[in-house]
**Student:** 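Pasting in a structure now, in structure tokens, and then I'll have a few things to ask.
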Amino acid sequence: MPTMPATGAAAAPAEVPTTPPAEVPTTPTTAVPATPPAEVPGLPTTAQPGVFSPESARKDVPILHRTVNGQPLVWLDNGATTQKPRQVIEAVSAYYSAANSNIHRGAHTMAREATELYEAGRNAVAQFLGAPSPDTVMFVRGTTEAINLVAQSWGRGHLGPGDDILVPVLEHHSDIVPWQLIAEETRARVVPVPLTPDGDIDQDAYADLLSARTQMVVVSQASNVLGTVPPVREMTALAHRYGAKVLVDGAQAVAHMPVDVQELGADFYAFSGHKLFAPTGIGALYATPEAMAEMRPWQGGGNMIESVSFERTTFAPMPHMMEAGTGHISGVVGLLAAIDWLRGFDQQAVAAYEQALMSYAMQAMATVPGLEVIGSAAERIAVMTFTLAGHDPASVANWLDKDGIAVRAGHHCAQPALAHYGLESAARASFALYNTSGEVDQLVASLRRLQEAGPGAEKA
Ligand SMILES: Cc1ncc(COP(=O)(O)O)c(C=O)c1O
């Protein structure tokens, strides 16, 4: 059982053990059988050639076999974070058990090994994103840090009074607030792009808002609140006609669809490892060489310099210039393992499975009295934000939690998008490749019981 990932230019260092240390548990302590998925036409539960089966992913993810409140866990909070396959857990553990070292600066074997792993991770991310070279990939803490990095390192030198940054109303706060901060400093403007009633980005309004003043367009490849998948390639091409740069937020997309940053035409692409079955605290930012050439250091310190003197400091080449201080090396190891794990499945088949699961969930949710799914964009990922008449969203989440079902309730860091629907809060079920139609049935059954029990039942 390999515990160190093998994807990337540099192979795992030869002396890293390939089995986890004995004291690291590799099986869950509360072994509860996975919920048997219901038989649903179009939704396979057992292996079929060319068809993705969720069981092939579930068997790798220990936490999915625990119980919550005496019930088998149904994890439907994948939009917040995804659960980790044992391949990721074991890779991180093996790294700390046998390979831990700082990188780049040491002149010893283990420093070289750690450096090789770190750069193998960069190479794996580049391949995963369809980037032309590992040198176009910077490691960051996650999507939020990546966007702040672009706002600070690119925005400060390129934005000025009267410049526009276009941000759809749909976007996560991470796509809005970093730009508000830099706009305040540079006297640029953050301009909202309106939504249609369905929850699509209004493409006519977008075209009208673009102008010679537009310096930056920020858009998510998939929305965390409505699941909307906007026509990013077309939006990017249009923005480029005005000379604007485009930052694509891939936080919600990377786990659900094949990504090709070159095909999208993105100048910048950001994602978080923890939404891609990898550890928290690690993510990546892609930038084209042209965009990189326009970036200035945003944090100073070790690793990002070439030489330092009190008279003059020179900087390391990109991408290292953007990586001040010691990076999250074990996080990169985990990310490398996660990418390896995910690439072990047919990506098109996974995407097709998730689409079928979402269609099934949409139909099933429609049978719950008083339940309303927010947004009905033409293209979407398997994210369903909903309200239930007579029950506030936090109460719905509490009720479901008693049945072992984890959904999120709140504003989903997308207050303008919810406000578009006159809401401050909603519940959200978000799916991943390891979710099953049986889990959808459990969600729907629990919601129906709540509705039958009436208002206030969740507090009983
Ligand atoms: C679309 C989108 N962008 C950005 C983020 C922020 O990601 P992180 O908190 O990992 O930086 C999220 C998190 O939910 C998201 O869904």
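Just the heavy atoms: all of them, side chains too, but no hydrogens, waters or symmetry mates, feed the values below. What you are looking at is a predicted structure, and each value in this text was computed from that prediction instead of being measured. Both counts, for ligands and for their atoms, begin at 1 and track the order of listing.
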**Student:** Check the angle between the aromatic planes of His158 and Trp154 and answer parallel, tilted or perpendicular using the 30° and 60° thresholds.
**Tutor:**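 Ring orientation of His158 relative to Trp154: parallel.
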**Student:** Note the single closest protein heavy atom to atom 7 (O) of ligand 1, along with its residue, its atom name and the distance in Å.
**Tutor:**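 It is Ser272 OG, 3.6 Å.
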**Student:** When the ring centroid of His411 is compared with that of His173, is the distance short of 6.0 Å?
**Tutor:**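 Here the rings of His173 and His411 have centres that are less than 6.0 Å from each other.
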**Student:** When the ring centroid of Tyr286 is compared with that of Phe268, is the distance short of 6.0 Å?
**Tutor:**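 No, the ring centres sit 6.0 Å or more apart.
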**Student:** Would you tell me which option among Asp249, Asn224, Val383 has the nearest heavy-atom contact to atom 2 (C) of ligand 1?
**Tutor:**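 Nearest heavy atom to atom 2 (C) of ligand 1 lies in Asp249.
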**Student:** List ligand 1 atoms under 4.0 Å from Ser220, heavy atoms only on the residue side.
**Tutor:**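 Contacts of ligand 1 toward Ser220, numbered from 1: 1 (C).
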**Student:** Can His274 be said to touch ligand 1, with heavy atoms closer than 4.0 Å?
**Tutor:**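 Yes.
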**Student:** Under the criterion salt bridge (charged side-chain N to carboxylate O under 4.0 Å, His left out), I'd like the reasoning laid out for Glu439 against Arg58: C-alpha separation, chi angles, the key distance, then a yes or no.
**Tutor:** CA-CA 12 Å; Glu439 291 180 317; Arg58 285 186 83 77; 3.2 Å; yes
**Student:** May I ask you to say whether Asp163 pairs ionically with Arg213, meaning some side-chain N is under 4.0 Å from a carboxylate O?
**Tutor:**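 Between Arg213 and Asp163 there is no salt bridge, as every charged N stays at least 4.0 Å from the carboxylate O atoms.
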**Student:** Can you check which of Arg408, His172, His173 brings a heavy atom nearest to atom 15 (C) of ligand 1?
**Tutor:**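 Nearest heavy atom to atom 15 (C) of ligand 1 lies in His172.
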**Student:** What residue and atom, counting heavy atoms only, is the protein's closest point to atom 16 (O) of ligand 1, and at what distance?
**Tutor:**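 Sorting protein heavy atoms by distance from atom 16 (O) of ligand 1 puts Gln252 NE2, 2.7 Å first.
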**Student:** Among all the protein's non-hydrogen atoms, which is closest to atom 14 (O) of ligand 1, and how far away is it?
**Tutor:**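 Heavy-atom neighbour on the protein nearest atom 14 (O) of ligand 1: Lys275 NZ, 2.7 Å.
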**Student:** Return the closest protein heavy atom for atom 11 (O) of ligand 1 as residue, atom name and distance.
**Tutor:**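 That would be Thr144 OG1, 2.6 Å.
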**Student:** For ligand 1, is there an N or O atom under 3.5 Å from any N or O atom of Ser174?
**Tutor:**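 Min N/O separation from ligand 1 is not below 3.5 Å for Ser174.
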**Student:** At a non-hydrogen distance cut-off of under 4.0 Å, which region of Glu145 contacts ligand 1 (side chain, backbone, both, or neither)?
**Tutor:**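 No part of Glu145 comes within reach of ligand 1.
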**Student:** What verdict does the side chain to side chain donor-acceptor pair (under 3.5 Å) test give for Trp341 and Asp60, after you've listed the backbone C-alpha separation in whole Å, the side-chain angles of each residue and the deciding distance to 0.1 Å?
**Tutor:** CA-CA 9 Å; Trp341 181 71; Asp60 288 338; 2.7 Å; yes
**Student:** Salt bridge check: are Lys245 and Glu290 linked by an N-O gap of less than 4.0 Å?
**Tutor:**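 Glu290 and Lys245: not salt-bridged.
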